[in-house]
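Reviewing the structure listed below.
Naming convention: chains lettered A, B, ... in sequence-line order (proteins, then strands); numbering from 1 in each chain.
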Protein chains: 2
Amino acid sequence: MHKNLKKIGIEMKLTTKGRYAVLALTDLALERDEDFVKISHIAMRQNISSTYLEQILLKLKRAGLIVGVRGPNGGYKLASEPEKIMIADIINIVEGKMEAKGCVSKSGSCTGVSGRCMTHDLWDELSRHIELFLGQISLRDIIKGNVLGRSSPPRAFDY
Amino acid sequence: MHKNLKKIGIEMKLTTKGRYAVLALTDLALERDEDFVKISHIAMRQNISSTYLEQILLKLKRAGLIVGVRGPNGGYKLASEPEKIMIADIINIVEGKMEAKGCVSKSGSCTGVSGRCMTHDLWDELSRHIELFLGQISLRDIIKGNVLGRSSPPRAFDY
DNA sequence: TAGTTCTTGACAAAAATACTCGGAAAATAT
DNA sequence: ATATTTTCCGAGTATTTTTGTCAAGAACTA
């Protein structure tokens, strides 16, 4: 019983993985002049387990956000300009998709017994908001300290 | 080794617990005419484990959002009008505080080796945004389907 | 060649989450 | 009073997710 409304979540996850990813890419953005930055350096500077960071950077590399080169003088580098890399992208990649569906059971539609699930729109809208907000901020904004006082969605009315 | 920057998180948690809580209170808001609604009824309608729901409703009761009465014909009831109960309150109570600090280590300030932690403001601002958004939406909005297309700043009230 | 560094997947420990259980307390009805 | 219904409450267990570790391999440089 009740095995059907489980693990179907909104999953706007935000764990250390996502934070580490943003931290690491911020580090990369700062070190842009050096050709390639080694995992171990980032790990040390940002105080992250380097083997764990490996996994994270690997995902980001597969997604094309960074490029990796092996061997001596190897390391990682941003694949594009810091202003083109948005936080939402980073998080989405390492945390695996901010899913927006709050209540779609595997059996199909999102209803309780009597056609409920009024909260669907809520979670949907929340996810949209977060994605919008993080999709607006780039790595460059972060290293420039350009984050505060940013209002996310364009406001409909003034009052 | 690297045990110091751990578990210090942003923790804008949103788990099934929070969703169940909102679902349950939505149910309560819909059933407002009936004096008290039993856990078992909510659990059945919303397809949640009733023993699990107990825990959640207990927290909400202790926080004063709902009132509970024991014995036959007992159950739960909203403590105030649906328009006065905001989603942010519900989530905060059952998930235990959306903390906003993204990088305060226990040793005090939020710095890496060289005064980094540029992401502090980011997580801070994100949390603020989420809280703002969910603090704007009431149970009444949900049961009226009044959630979509809502922009962050509070809109003027109209009947 | 030798050394460095990423690449990859499988595995393991720890923490968080989701859920259960057994009983007690209060209210009600008979 | 006694039985029944229901919330209250603390503790415990199971499952999942997070957070890593490990070992072997591949590419690159000197």
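- Across the protein-nucleic acid pair, B/F36 atom CZ and C/dA26 atom C1' stand 13 Å apart, rounded to whole Å.
- One finds no side-chain N or O of A/T16 lying less than 4.0 angstrom from the OP1 or OP2 phosphate oxygen of D/dT18.
- Listed by residue number, B/G75, B/Y76 are the residues of residues 75-82 of chain B with a heavy-atom contact under 4.0 Å to DNA chain D.
- For D/dT21, one of the phosphate oxygens OP1 or OP2 lies less than 4.0 angstrom from a side-chain nitrogen or oxygen of A/S49.
- Here CG of B/N47 is found 13.5 Å from CD1 of B/I42. Values are rounded to the nearest 0.5 Å.
- Phosphate proximity of C/dT5 to A/K38: present, with a side-chain N or O under 4.0 Å from OP1 or OP2.
- Side chains of B/K61 and B/V67 form no contact here, defined as non-hydrogen atoms less than 4.5 Å apart.
- By the criterion of side-chain heavy atoms lying less than 4.5 angstrom apart, applied directly or through intervening Ile, Leu, Val, Met, Phe, Trp or Tyr residues, B/L60 is not grouped with B/M86; the two fall into different hydrophobic clusters.
- Side-chain atoms of A/Y20 and A/T15, non-hydrogen and from C-beta on, never get closer than 4.5 Å to each other.
- Looking at B/S138, its side chain does come within 3.5 Å of a backbone N or O of B/D141 through a donor-acceptor pair.
- When the side-chain nitrogen and oxygen atoms of A/T15 are compared with OP1 and OP2 of D/dT19, one or more of them lie within a distance under 4.0 Å.
- Look at CD1 on B/I48: it is 17 Å from P on C/dT17, rounded to the nearest Å.
- Proximity of B/L28 to B/E31: side-chain heavy atoms (C-beta onward) are nowhere separated by under 4.5 Å.
- Cluster annotation: A/I137 and A/I143 are assigned to the same hydrophobic cluster (Ile/Leu/Val/Met/Phe/Trp/Tyr, side-chain heavy-atom contacts under 4.5 Å, transitive).
- A/Y20 has a side-chain polar atom (N or O) that falls below the 4.0 Å cut-off from OP1 or OP2 of D/dG20.
- Among the nucleotides D/dC9, D/dG20, C/dT28, the one closest to any side-chain atom of A/Y52 is D/dG20.
- When the P atom of D/dT6 is taken as reference, atom CD1 of B/I42 falls 13 Å away, rounded to whole Å.
- Evaluation of atom-type donor-acceptor distances gives no pair under 3.5 Å for the side chain of A/E54 against the base of C/dT5.
- OP1 or OP2 of C/dT8 lies within a sub-4.0 Å distance of a side-chain N or O belonging to A/R62.
- Summarising the geometry, the separation between CG on B/L58 and C1' on C/dC21 is reported as 16 Å, rounded to the nearest angstrom.
- Linking ILVMFWY residues whenever their side-chain heavy atoms come closer than 4.5 Å, directly or via other members, places A/L58 and A/L65 in the same cluster.
- Nucleic acid contact for B/I39: sugar-phosphate only, since backbone atoms but no base atoms lie under 4.0 Å from a heavy atom of the residue.
- Between the CG atom of B/L14 and the P atom of D/dT17 there is a distance of 15 Å, rounded to whole Å.
- B/Q55 contributes no side-chain N or O that forms a donor-acceptor pair with the base of C/dT17 under 3.5 Å.
- Here the P atom of nucleotide C/dA18 and the CG atom of B/L57 are 15 Å apart, to the nearest Å.
- Ranked by how close their nearest DNA chain D nucleotide is to the 5' end, A/K17 and A/R70 are led by A/K17.
- In this structure, A/I66 places its CD1 atom 8 Å from P of C/dT7, rounding to the nearest Å.
- Atom CG of A/L53 and atom P of C/dT7 are 12 Å apart (whole Å).
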